[in-house]
Amino acid sequence: MSRYLTLSALAVLFLFPLVWSGWASLEDPSNYLEMAAFGEGVGTYATNSVLVSTMTVAGTLVVSALGGYGFARFDFPGKNVLFLATLAILMVPYATILIPLYVLLGYLGLQNSLVGLSLVFVMFQLPFALFMMRNAFEALPRELEEAALVDGCGTFRAFSSILLKAVRPALITVGLFAFLASWNDFFAPLILLNDGASFTLPVAVVSMTQRTFGAVDYGMLQAGVMVMAIPCLVLFIVLQRHYVRGFMSGALRG
């Protein structure tokens, strides 16, 4: 009984800020109308966020799945050093390398580009994603892959048709983390994007709530928070079961 009371109290504690934000945003419905008409329009900013998040999730899944499979199944010189070097990205303060990345994207012709921003997000997601996928593949019995090879499957076909299905919970966990990170990030888009038409939702929401002498329009801010939070809540609720299984089979094993 005490466990349920504790869990209920924690649920109320975590849900209260979201419920409060929703209530505050609905006190004046005009907040949503003003937000929709701001700048290039909230539809443009939402589309930018969807594009960035989609490219980030796709890039993270492709690179981490292939990389995790390679680290789990193949031996090659410098394997452990390369893996540790990838994990070392986590030790670099996020903000300190955004300016060098901005300069690098300029050389690549990707400055002020949603594609360039997505590549930056993929880079920062790789340590966690590779760790998860390597552990997920290592948890699979090698007999599963060997049976596929005996039946005539090539290495890539066994990987794409059998092993990827077996590590689906880990893939969903990695994809969900990549989506949340790219959808909610404010600092990287602020530094790497300088065209209002390319802004993502977090940057747009901060811009639209600023008033004279630094005052903040809290009603519009709460409306923006709700617009940003709803997709995250829906995805998390829909994928919750796979998310928990992914952590159990991947991260905890490491």
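Any value given below was found using the heavy atoms of this structure, including those in side chains, with hydrogens, waters and symmetry copies removed.
- To the nearest 0.5 Å, the span separating OG on Ser198 from OH on Tyr45 amounts to 10.0 Å.
- Closest heavy-atom contact between Val63 and Leu130: O-CD2, 4.2 Å.
- Annotation: Phe74, atom CZ; neighbour count of heavy atoms from other residues, nucleotides and ligands within 6.0 Å is above 12.
- Two residues are said to be in side-chain contact when any heavy atoms from C-beta on lie closer than 4.5 Å; Thr200 and Leu117 meet this criterion.
- The CE atom of Met133 sits 8.0 Å away from the CG atom of Leu61 when rounded to the nearest 0.5 Å.
- Following chains of ILVMFWY side-chain contacts shorter than 4.5 Å, one can reach Val234 starting from Val227, so the two form part of one hydrophobic cluster.
- By the rule that hydrophobic residues join a cluster once side-chain heavy atoms approach within less than 4.5 Å of another member, Leu90 and Phe128 end up as members of separate clusters.
- With rounding to the nearest 0.5 Å, the separation of CG in Leu114 from CZ in Phe121 is 10.0 Å.
- At distances below 3.5 Å, not a single donor-acceptor pair connects side-chain atoms of Trp183 with backbone N or O atoms of Val50.
- Considering all non-hydrogen atoms of both residues, Thr44 and Ala197 come closest at CG2-O, 3.7 Å.
- Both Leu233 and Ile172 sit in one connected hydrophobic cluster of ILVMFWY residues. Membership requires side-chain heavy atoms under 4.5 Å apart, directly or through other members.
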key: Derivation and outcome, side-chain contact (heavy atoms from CB on, under 4.5 Å), residues Leu163 and Val167   = CA-CA 6 Å; Leu163 298 184; Val167 296; 5.8 Å; no

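- At least one side-chain heavy atom of Val42 sits under 4.5 Å from a side-chain heavy atom of Leu201.
- The two atoms that bring Ala178 and Thr56 nearest to each other are O-CG2, 4.0 Å, heavy atoms only.
- A donor-acceptor contact closer than 3.5 angstrom is absent between the side chains of Asn112 and Tyr102.
- Classified by interplanar angle (parallel below 30°, tilted 30° to 60°, perpendicular above 60°), the ring pair Phe83/Phe131 is parallel.
- A heavy-atom distance below 4.5 Å is found between the side chains of Pro202 and Ser49.
- Checked by atom type and distance alone, the side chain of Thr60 never pairs as donor or acceptor with a backbone atom of Val57 at under 3.5 Å.
- Cluster annotation: Met226 is not connected to Ile237 through the hydrophobic network of ILVMFWY side chains, with a link wherever side-chain heavy atoms come within less than 4.5 Å.
- Listed for the Thr86 side chain is a donor-acceptor partner under 3.5 Å among the backbone atoms of Leu82.
- You'll find the ring centres of Phe71 and Phe137 outside the 6.0 Å limit.
- Between Val122 and Gln125, the closest side-chain pair of non-hydrogen atoms is not below 4.5 Å.
- Here Asn194 contributes atom CG and Gln111 contributes atom CD; the two are 7.0 Å apart, rounded to the nearest 0.5 Å.
- In plain terms, the two heavy atoms of Pro127 and Leu87 that are nearest each other are O-CD2, 3.5 Å.
- Side-chain heavy atoms closer than 4.5 Å link hydrophobic residues (I, L, V, M, F, W, Y) into clusters, and following such links, even through other members, never connects Val103 to Phe187.
- Between Met123 and Leu101, some side-chain heavy-atom pair lies under the 4.5 Å cut-off.
- Through direct or relayed side-chain contacts under 4.5 Å between Ile, Leu, Val, Met, Phe, Trp and Tyr, Met91 connects to no other residue.
- Here the side chains of Leu176 and Phe236 are in contact, with some heavy-atom distance below 4.5 Å.
- For the residue pair Val203 and Leu190, the shortest heavy atom distance occurs at CG2-N, 3.8 Å.
- We find the OG-CG distance between Ser113 and Leu119 to be 8.0 Å, quoted to the nearest 0.5 Å.
- Closest approach of Leu193 and Phe199 over heavy atoms only: O-CE2, 3.8 Å.
- Taken to the nearest 0.5 Å, the CZ atom of Phe124 stands 3.5 Å off from the CD1 atom of Ile97.
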